[in-house]
Amino acid sequence: MKKIFTFPNIYTLVALLYLCLGDLLNNISIITMSVHGLFLALTLVFLFLSFKECRMNVAMKSLCALSAMILIYGVWLIYMVSDYSLLFDSPTRYLDLHFKSIAPIFVYYYFAEKKLIDVKWFCYATPFFLFAVYQQYIFAQRDIILKYDFELGEFTDNSGYFFLALLPIAAFFKERRWLEYLIITFLTIMIVSCMKRGPIICAGIIDVFMLKESLSGSKGKFKTLIFALLAFCGIYLFVKNIYLSNDYFSYRFEQTLDGDDSNRSKNYNRLWQYYQYQTNPLSYIFGNGAYSCARYLGFHAHNDWLEMLMSLGFVGVILYAKYWKAQVKTIIKAKANGIEHSIVTVFISIVICNFMKTIFSMSIDDMLIYSSSMLGFCLSKCNEWNDKPRLKE
């Protein structure tokens, strides 16, 4: 019983319950508000303990610096901006999204430093993650159909990003290669069925990378290759079938080949022009405040770097670049010092996925518990070569 009712299990269960119940802003009920409140309370407690008891490595320190700036700008948005008419969401949404995206990284970093979670824990947690992400997908499909009166298969679904966030976890199943490729096949098929081009491209790159790593880190290469070929065939047959049978999917595919980017390039150009010709010199350095793109131009950037540049200025972009640089340095040192192969593979997959999202979507404020839990764990374990004390005395 003690092994079941552990802090990581309880925290993860509450987080998954909150995801399955739906976003508080879209589904207001006593149950949802209670679970949301419990999730926030537990996150704050473990966040405090992570700072109190753990020594942060370079990557975590860079995340702390970026988070501090985001916190300041989020508070400024709530208390200093008087006109919210151009915001798409509540002024508290900026802080809420970043908190739920970033804070769990520190929580699971704390769990890993305290040796409360390991690779086996993630293997046991995978069925619960799969159930939760599939429930999110079902709810998202239902909401779109009810709201826009679409037929199933006639729209793109952001749930593709949910499945993408969970995809790297397959690499933890190094002892069960058949299960690893079964998870990869299922998640990739679900990503394709959501018909969002960004997640599909990311999934393809991560699938190829994990195949390469599983072959290089596996003793039974022939058996691994067989499982990989079966997975590839399954994914290929599904993609071929949906392309031939679904007009909307084939339309989206042709759009991509024709270079259609959903007006992103035009929006990026507008943002860059606005930034270049600002009249206040301080805006170049410190930005225009949180949600500047929405407040001044009427849309979100769908590019973290431009969003940072507009909102947090050159200083914010520098902090964001240092955050990514620190993660790359952690990967290089982890590989050089012989950190467990599956952990490094998961870590690299997460970094690839999250970095690609910075270019065409949102990353820093859009990490789900699946991704942030693995990231916090990997950032802890990939620093185990360091001889410095891990916990504060």
Side-chain angles (χ1 to χ4, degrees), residues 56-74 76-77 94-95 97-99 101-106 109 161 164-165 168 198 201-202 205-206 209 264-265 267-276 278 280-293 300-336 344 347-367 371-372 374-376 378-380 382-383 386:
M56 300 294 172
N57 57 32
V58 175
M60 295 301 289
K61 287 179 179 178
S62 65
L63 183 57
C64 286
L66 180 63
S67 301
M69 190 170 189
I70 289 171
L71 176 62
I72 292 169
Y73 278 57
W76 176 85
L77 176 67
Y94 180 83
L95 275 183
L97 287 175
H98 283 89
F99 179 81
S101 177
I102 297 172
I105 298 174
F106 290 90
Y109 181 86
Y161 288 106
L164 180 65
I201 294 170
C202 286
I205 293 172
I206 293 172
F209 170 73
R264 274 177 167 73
S265 57
N267 290 339
Y268 295 163
N269 186 59
R270 285 181 61 192
L271 288 170
W272 180 242
Q273 292 295 322
Y274 185 92
Y275 180 80
Q276 278 186 303
Q278 294 177 107
N280 185 355
L282 291 177
S283 295
Y284 291 99
I285 303 173
F286 300 107
N288 298 283
Y291 278 159
S292 291
C293 297
H300 290 300
H302 287 279
N303 179 297
D304 271 0
W305 300 97
L306 286 174
E307 190 79 48
M308 287 279 181
L309 192 64
M310 281 289 294
S311 300
L312 278 61
F314 187 68
V315 174
V317 171
I318 292 297
L319 290 176
Y320 200 38
K322 289 185 69 175
Y323 162 71
W324 288 106
K325 180 184 176 182
Q327 293 201 47
V328 172
K329 288 179 67 176
T330 302
I331 290 171
I332 294 171
K333 289 181 178 179
K335 289 178 74 69
V344 177
F347 187 26
I348 295 174
S349 299
I350 294 169
V351 171
I352 291 172
C353 172
N354 286 347
F355 184 79
M356 288 188 67
K357 284 176 63 181
T358 68
I359 301 170
F360 55 77
S361 184
M362 289 81 72
S363 176
I364 194 65
D365 66 343
D366 195 39
M367 285 182 283
S371 179
S372 54
M374 289 186 282
L375 182 57
C378 292
L379 283 170
S380 169
C382 285
N383 196 45
N386 199 328

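All figures in this text were calculated on a predicted structure; none of them were measured in a lab.
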### Query
About how many Å separate CD of Q327 and CD1 of I350, when rounded to the nearest 0.5 Å?
9.0 Å
### Task
Mind checking the CG-CZ spacing from L71 to F99? Nearest 0.5 Å is all I need.
10.0 Å
### Main-chain N/O of L97 paired with S101 side-chain donor or acceptor, under 3.5 Å
no
## Note on the structure
Partner of M308 under side chain to side chain contact (heavy atoms under 4.5 Å, CB included), picked from L66, T358, I318, is L66
### Task
Kindly indicate, with the supporting measurements, whether the criterion side-chain contact (heavy atoms from CB on, under 4.5 Å) is fulfilled by M56 and L63.
CA-CA 10 Å; M56 300 294 172; L63 183 57; over 6 Å; no
### Message
Under the side chain to side chain contact (heavy atoms under 4.5 Å, CB included) test against C202, which residue among L164, I352, N354 passes?
### Response
L164
### Task
Report the distance from atom OG of S311 to atom CG of L306, rounding to the nearest 0.5 Å.
10.5 Å
#### Entry: Non-hydrogen atoms of L77 and A290 that approach each other most closely
CD1-O, 3.8 Å
#### Entry: Any side-chain donor near an acceptor of the partner, N288 and Q278, under 3.5 Å
yes
### Task
Can you measure from CD1 (I72) to OG (S67) and round to the nearest 0.5 angstrom?
11.0 Å
### Message
Below 30° counts as parallel, above 60° as perpendicular, anything between as tilted: where do the rings of W76 and Y73 land?
### Response
tilted
### Query
Which pairs count as salt bridge (charged side-chain N to carboxylate O under 4.0 Å, His left out) when at least one residue sits in residues 350-367, sequence neighbours excluded?
K357-D366
### Message
Applying the ring pair (Phe, Tyr, Trp, His ring centres under 6.0 Å) criterion to Y275, which one of W305, F314, Y284 satisfies it?
### Response
Y284
### Task
Determine the minimum heavy-atom distance between E307 and A301, stating which atoms define it.
OE1-N, 3.0 Å
### Task
Evaluate the criterion side-chain contact (heavy atoms from CB on, under 4.5 Å) for residue pair M60 and I105; output intermediate values, then yes/no.
CA-CA 9 Å; M60 295 301 289; I105 298 174; 4.2 Å; yes
### Summary
Tightest non-hydrogen contact, residues Y320 and S363, listed as OH-CB, 4.0 Å
### Query
If every non-hydrogen atom of F209 is compared with every non-hydrogen atom of I348, which pair is closest and at what distance?
CZ-CG2, 3.4 Å
### Query
Could you give the distance from CE (M367) to NE2 (H98), rounded to the nearest 0.5 Å?
9.0 Å
### Query
Do the non-hydrogen side-chain atoms of L375 and Y109 ever get within less than 4.5 Å of each other?
no
### Query
Could you walk me through whether I102 and I364 pass the side-chain contact (heavy atoms from CB on, under 4.5 Å) check?
CA-CA 7 Å; I102 297 172; I364 194 65; 4.0 Å; yes
### Message
I need the K322 NZ to K61 NZ distance, nearest 0.5 Å.
### Response
11.0 Å
### Query
Which pair of non-hydrogen atoms, one from W272 and one from L309, has the smallest distance, and what is that distance?
CZ3-CD2, 3.6 Å
## Note on the structure
Correct closest heavy-atom pair for S62 and A59 would be OG-O, 2.6 Å
### Query
When you look at H302 and R264, which way does the side-chain contact (heavy atoms from CB on, under 4.5 Å) test go after all the steps?
CA-CA 8 Å; H302 287 279; R264 274 177 167 73; 3.5 Å; yes
### Message
Could you tell me if the side chain of I201 sits less than 4.5 Å from the side chain of F360, heavy atoms only?
### Response
no
